[in-house]
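Just so you know, residue 1 is the first one in the sequence shown, and it goes up from there. Values below: all heavy atoms of this structure, side chains included; hydrogens, waters and symmetry mates excluded. Remember, it's 1-based here, ligands and their atoms both numbered in the order they're listed.
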Amino acid sequence: MPQLPVCNGVLAATPAQTEGPYYKANTPERASLLEPGMAGTKLIVTGYVLTTDCKPVAGVWLDFWQTDDKGAYDNSGYRMRGHQFTDETGRYYLETVVPGGYPGRTPHIHVKVRAPNGPVLTTQIYLPGEPRNNTDSIFKPELVMSDVRDTADGKTATFNFVLMSRN
Ligand code: FE
């Protein structure tokens with residue numbers, strides 16, 4: 001499990017990114033997008049949802065969607081789509097596969113994040129070291145996962161989302 005980040009002062013809010021054309025509402029609630037026989041490299045992404053004053057937020061809705069390993073979205077069903085909520089410590093856990101890129105886009109995972117009664121943050125997260133990161137016009141280094149490690153059966157990575165604090 002990821003460590004709660006050390007906070008010295010105010011965190012930068014996670015930047016928003018375009019939703020793109022492939023979002024579908026009413027996804028199944030699930031932390032794992034893996035299905036039997038699914039191709040690709042297994043990827044576990046974990047992290048916290050924090051406020052800019054570095055407080056973890058419980059019960060945050062996270063709705064992930066992405067391509068399969070070959071860069072294809074499922075636009076008829078809910079393959080590679082699912083929502084979940086942060087636990088009481090503000091953590092989430094996503095089990096998926098490394099997404100493929102597609103024309104014009106480096107590999108990315110789309111996500112919508114909403115704290116209870118808060119606004120929706122729509123953004124995308126990226127993998128470090130992908131050759132197409134440099135040529136994707138909307139790629140942002142602030143949205144790259146950290147602590148990417150190879151494991152016996154895939155990869156693990158961390159990404160902490162930071163939401164604007166509300167008083
Ligand atoms: Fe996309």
Side-chain angles (χ1 to χ4, degrees), residues 2 11-50 57 60-86 91-115 118-151 153-164:
L11 299 174
T14 301
Q17 293 221 293
T18 177
E19 176 177 304
Y22 302 118
Y23 179 65
K24 284 177 72 171
N26 305 312
T27 56
E29 181 173 353
R30 54 183 174 184
S32 179
L33 306 182
L34 299 178
E35 291 172 21
M38 195 170 260
T41 302
K42 185 177 164 185
L43 171 65
I44 294 173
V45 188
T46 57
Y48 287 86
V49 179
L50 305 158
V57 188
V60 176
W61 172 82
L62 299 118
D63 198 5
F64 292 100
W65 75 105
Q66 66 169 80
T67 68
D68 64 14
D69 68 313
K70 294 172 190 67
Y73 286 101
D74 177 6
N75 294 313
S76 54
Y78 286 94
R79 198 161 161 265
M80 305 269 75
R81 300 171 185 270
H83 75 272
Q84 60 176 286
F85 299 88
T86 55
R91 279 186 309 219
Y92 73 93
Y93 173 99
L94 174 68
E95 198 170 68
T96 185
V97 296
V98 174
Y102 49 90
R105 295 305 320 278
T106 194
H108 57 279
I109 299 176
H110 294 269
V111 61
K112 287 179 179 284
V113 187
R114 185 180 63 225
V120 175
L121 167 70
T122 301
T123 192
Q124 305 181 25
I125 58 176
Y126 299 88
L127 290 149
E130 287 286 335
R132 281 178 287 172
N133 285 350
N134 297 325
T135 54
D136 184 318
S137 62
I138 73 161
F139 168 81
K140 272 195 158 66
E142 309 93 286
L143 293 169
V144 174
M145 297 170 215
S146 58
D147 306 323
V148 179
R149 298 203 170 108
D150 290 321
T151 62
D153 66 345
K155 291 175 183 291
T156 58
T158 296
F159 191 86
N160 296 321
F161 293 95
V162 181
L163 304 177
M164 295 299 293

Please indicate how many protein N/O/S atoms are found closer than 2.8 Å to the Fe ion (ligand 1), with waters neither displayed nor included. 4
Whether F139 and Y126 hold their rings parallel, tilted or perpendicular, with breakpoints at 30° and 60°: perpendicular
Would you check if the side chain of T86 reaches a backbone N or O of V57 as a donor-acceptor pair within less than 3.5 Å? yes
Test applied, side chain to side chain donor-acceptor pair (under 3.5 Å); reference residue, Q124; option that passes from Q66, R105, K140: R105
R79 vs D68, test: salt bridge (Lys or Arg N to Asp or Glu O under 4.0 Å). Steps then yes/no. CA-CA 8 Å; R79 198 161 161 265; D68 64 14; 3.6 Å; yes
Quick one: does N133's side chain have a donor or acceptor within less than 3.5 Å of a partner on L127's backbone? yes
Ring geometry between F161 and F64 (parallel below 30°, tilted from 30 to 60°, perpendicular above 60°): tilted
